[in-house]
Amino acid sequence: MTDREFFERYNKDVHRTCYYMLRNASDAEDVCQEVFMKALASGWEQVEYHKTWLMRITVNHCLNHLRASKARRMRENLLLIFQREKAAPSSLALVEQQETKDEWKRRMDRLPDKIKIVVMLRFTNDLPLADIAEVLDIPLGTVKSRLNRGLKLMKAMMHELDEEDLPQGQIAKTIRGKDGAEYE
């Protein structure tokens with residue numbers, strides 16, 4: 001495999017990971033380019049598991065970028081929020097789609113970074129749990145517990161939204177058991 005074939009094979013996965021972690025298209029492109037420059041200079045031919053190795057480099061570069069640009073990211077996010085409020089989609093379907101994306105982003109942003117990375121690698125890159133453990137250099141059990149914790153937090157966030165939608169004075173305290181029955 002040539003350098004070009006290596007790049008073409010993994011470019012989409014690396015870019016997608018960068019975009020989901022950084023939430024900025026231009027930053028994602030910059031970090032993606034840095035990742036491939038490092039990978040090509042590091043002798044990728046000698047690595048046995050290319051995707052896992054490349055995802056580890058990607059996550060590390062993204063985390064370094066996030067640490068270095070936290071204040072800048074906050075300003076950009078504020079600008080994005082103001083721009084979203086000004087823009088009015090032309091149809092109901094676009095509005096619903098955007099609300100769903102925004103809600104997903106808000107929920108993901110509320111997760112702690114360690115949990116967010118595991119959830120993102122699992123569900124946006126479809127990486128197996130063992131590969132996530134190798135990418136993050138943590139035990140498989142830790143990956144499983146972080147993924148489980150992330151899903152529980154996301155579920156709790158959904159329940160918070162459901163309770164906000166109820167009329168005043170009405171509280172949703174229904175719990176569904178394993179048997180499917182509902183309990184109050």
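The first residue in the sequence is number 1, and the count goes up from there.
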In one Ile/Leu/Val/Met/Phe/Trp/Tyr side-chain cluster, 4.5 Å: Y19, L127: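 Different clusters: Y19 never reaches L127 through Ile, Leu, Val, Met, Phe, Trp or Tyr contacts under 4.5 Å.
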
Ring geometry between W53 and F6 (parallel below 30°, tilted from 30 to 60°, perpendicular above 60°):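 The arrangement is tilted - the two ring planes meet at 30° to 60°.
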
Sole candidate of N24, N60, D27 that passes side chain to side chain contact (heavy atoms under 4.5 Å, CB included) when paired with H65: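 For H65, the side chain to side chain contact (heavy atoms under 4.5 Å, CB included) check succeeds only for D27.
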
Would you find more than 12 non-hydrogen atoms of other residues, nucleotides or ligands less than 6.0 Å from [X] atom [atom1]?
X	atom1	result
Q46	CD	no
R16	CZ	yes
Y10	OH	yes

NZ/NE/NH1/NH2 to OD/OE distance under 4.0 Å, K51 and D131: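 Salt bridge between K51 and D131, a charged N being under 4.0 Å from a carboxylate O: no.
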
Salt-bridge present (E8, R4; N to O < 4.0 Å):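 Judged by the 4.0 Å cut-off on N to carboxylate O distance, E8 and R4 do form a salt bridge.
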
Does any part of the side chain of [Y], heavy atoms only, come nearer than 4.5 Å to the side chain of [X], both counted from C-beta?
X	Y	result
V59	M21	yes
L151	K155	no
R146	I138	yes
R122	V143	no
Y49	V135	no
K114	L136	no

Residue pair H61 / V31: nearest heavy atoms and the distance that separates them: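 Distance-wise, the nearest heavy atoms are CB-CG1, 3.8 Å.
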
Non-hydrogen atoms of N11 and C32 that approach each other most closely: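 In this case the closest contact between N11 and C32 is OD1-SG, 3.5 Å.
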
In Å, rounded to the nearest 0.5 Å, how long is the span from [atom1] of [X] to [atom2] of [Y]?
X	Y	atom1	atom2	answer
T17	I57	OG1	CD1	12.5 Å
L54	K38	CG	NZ	11.5 Å
M55	C62	CE	SG	9.5 Å
E134	L140	CD	CG	11.0 Å
Y20	H15	OH	NE2	11.5 Å
Q33	C18	CD	SG	11.0 Å

Stepwise side chain to side chain contact (heavy atoms under 4.5 Å, CB included) check, L111 with M157: CA-CA 10 Å; L111 293 175; M157 288 180 225; 3.7 Å; yes

